[in-house]
Amino acid sequence: MKKGYYGRFGGRFAPEVLMETLRLLEDAFEDIKEDPLFWDEFRGVLYSYSSRPTPLTFAENLTRHLGGAKIYIKREDLNHTGAHKINNVMGQGLLTKRMGKDRVVAETGAGQHGVATATMAAKMGFRCTIYMGEIDVRRQRPNVFWMEQLGAEVVPIRDGTRLLKDAINEAFRDWVTNMDNTHYVLGTACGPHPYPEMVSFFQSIIGEEAKEQILKIEGKLPDRIYACVGGGSNALGIFNAFMNDPVELIGVEAGGKGLDTEEHASRLISGDGSPGVAHGYISYFLQTPDGQMKNTHSIAAGLDYVGVSPIIAHLKEQNRIRVEVITDREAVDALRLTIKMEGLVPALESAHALAQAYKEAPSMPEDSSVIVNLSGRGDKDIFSIAEAMDDPGWKQYIISKAGEYESHILH
Ligand SMILES: *Cc1c(COP(=O)(O)O)cnc(C)c1O
């Protein structure tokens, strides 16, 4: 297989000026990949800074309630900054140091990757610029607030749709002009080679731990593993360690308001996605026949992306993974059930993976087991969750807060 390609997907599509930088990044990555000392250093940082290893929790109440397979939950929600994203970001931070650079840039949509990158930059002493669509800046104020507190410069993008895809273009543009001292910290397993492989390599710590944990508890491999698929990094992170095992791997896309509407983010199985080139790589994109990127929708901001990892697209085409879709409504129902029965508050993204597992577990034998990757915690989603649950107390709180500010401004 051609380097950087996964079947007919992947590749490296970038302006000529960036090619040399991408090649140098690839060399640096190849070096650390082969270097056992690097993996020790990487693991050491995550163990001391981000509460790794994260536990594998047996969801005993849910298993009893649903019947069938034992449900285990991999607790990426317990990471520092609340999700799996920190794994990749700390890995790329160590790599940035090795390359002798002192500045990082990143794109962010909902702001989670921006916060993780700004956190890493604060810890490692890098200057940090985060590109974010103007609309996202406005609707994700809490994350913008934290990025700025962490010392990052947040640049609102006023071009195009003023969303994630425009922020990605701008981050690349910055990188082109500052290649000498700057590393671009891409947030998911997408983009030009070596990013898809590099990001999934850093995230593979999830599956390595999960495999050891389940073998210790159950004495055998799980039957199925579920993960939500935005760009694909948490899914590849838990799948990688099981790739050559007889374990069924299930990726769950965001069905939004349903596949019969335009408001979803299912690139792989809705029939609305098609292969194309964007953001530096070949994969499935939600695009019009003439290649314009479509608007996507999901209640989970992290799943609301037009493209998907070329590695995921290839695994799907090879039938190594199965892809399913969960709607906004189903995700919120799964979230509610998980909170009530297990006392866990999943991110809306992760709730998609849980929902699919809850659909399937009851018809599996009682001596079988499944693992769900709980990619992040739900605190960040309080605005969307309270709205979806139509919580009257929350609305009252927002109104009275707004009232307080208004009277400050007016008097
Ligand atoms: C960003 C995010 C995702 C989606 O990204 P992937 O690269 O597909 O993992 C999923 N869950 C959470 C909690 C996130 O923050």
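When a ligand or atom number is given, it counts from 1 through the structure's own listing order. The model shown is predicted, which means the values in this text are computed figures rather than measured ones.
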Original post:
Considering all heavy atoms of both residues, which atom of F239 and which atom of G251 are nearest to each other, and what is their separation?
Top reply: CZ-N, 4.0 Å

Original post:
Among K33, K3, E26, whose side chain to side chain contact (heavy atoms under 4.5 Å, CB included) with E197 holds?
Top reply: K33

Residue, atom name and distance, where the atom is the protein heavy atom closest to [atom]:
atom                    : result
atom 1 (C) of ligand 1  : K85 NZ, 1.4 Å
atom 12 (C) of ligand 1 : S375 OG, 3.5 Å
atom 4 (C) of ligand 1  : G302 O, 3.3 Å

I'd like to check which ligand 1 atoms, numbered from 1 as shown, lie under 4.0 Å from a non-hydrogen atom of [X].
X    : value
G376 : 13 (C)
N234 : 6 (P), 8 (O), 9 (O), 10 (C)
C228 : 10 (C)
G230 : 8 (O)
G232 : 6 (P), 7 (O), 8 (O)

Can you find a heavy atom in the side chain of [X] that is under 4.5 Å from one in the side chain of [Y]?
X    : Y    : result
K294 : T288 : yes
M90  : L46  : yes
P346 : D77  : no

Original post:
Taking distance alone, with no angle check, do G231 and ligand 1 share an N/O pair under 3.5 Å?
Top reply: yes

Original post:
Does any N or O atom in S233 lie less than 3.5 angstrom from one in ligand 1, N or O only?
Top reply: yes

Subject >> S309 side-chain N/O to G232 backbone N/O, donor-acceptor pair under 3.5 Å >> reply: no

Original post:
Do T182 and R103 have side-chain N/O donor and acceptor atoms under 3.5 Å apart?
Top reply: yes

Original post:
Is the shortest distance from a heavy atom of A235 to ligand 1 less than 4.0 Å?
Top reply: no

Is the contact between [X] and ligand 1 made by the side chain, the backbone, both, or neither, using heavy atoms and a 4.0 Å cut-off?
X    : answer
E76  : neither
A347 : side chain
H84  : side chain

Original post:
Would you call K359 and E324 a salt bridge, using N to O less than 4.0 angstrom?
Top reply: no

Original post:
Does NZ or CZ of K101 come closer than 6.0 Å to the centre of the six-membered ring of F126, within 45° of the ring's axis?
Top reply: no

Original post:
If hydrogens are left out, which of T188, I238, N79 has an atom nearest to atom 7 (O) of ligand 1, that is, the closest non-hydrogen atom?
Top reply: T188

Subject >> Exceeds 12 heavy-atom contacts within 6.0 angstrom, atom CH2 of W394 >> reply: yes

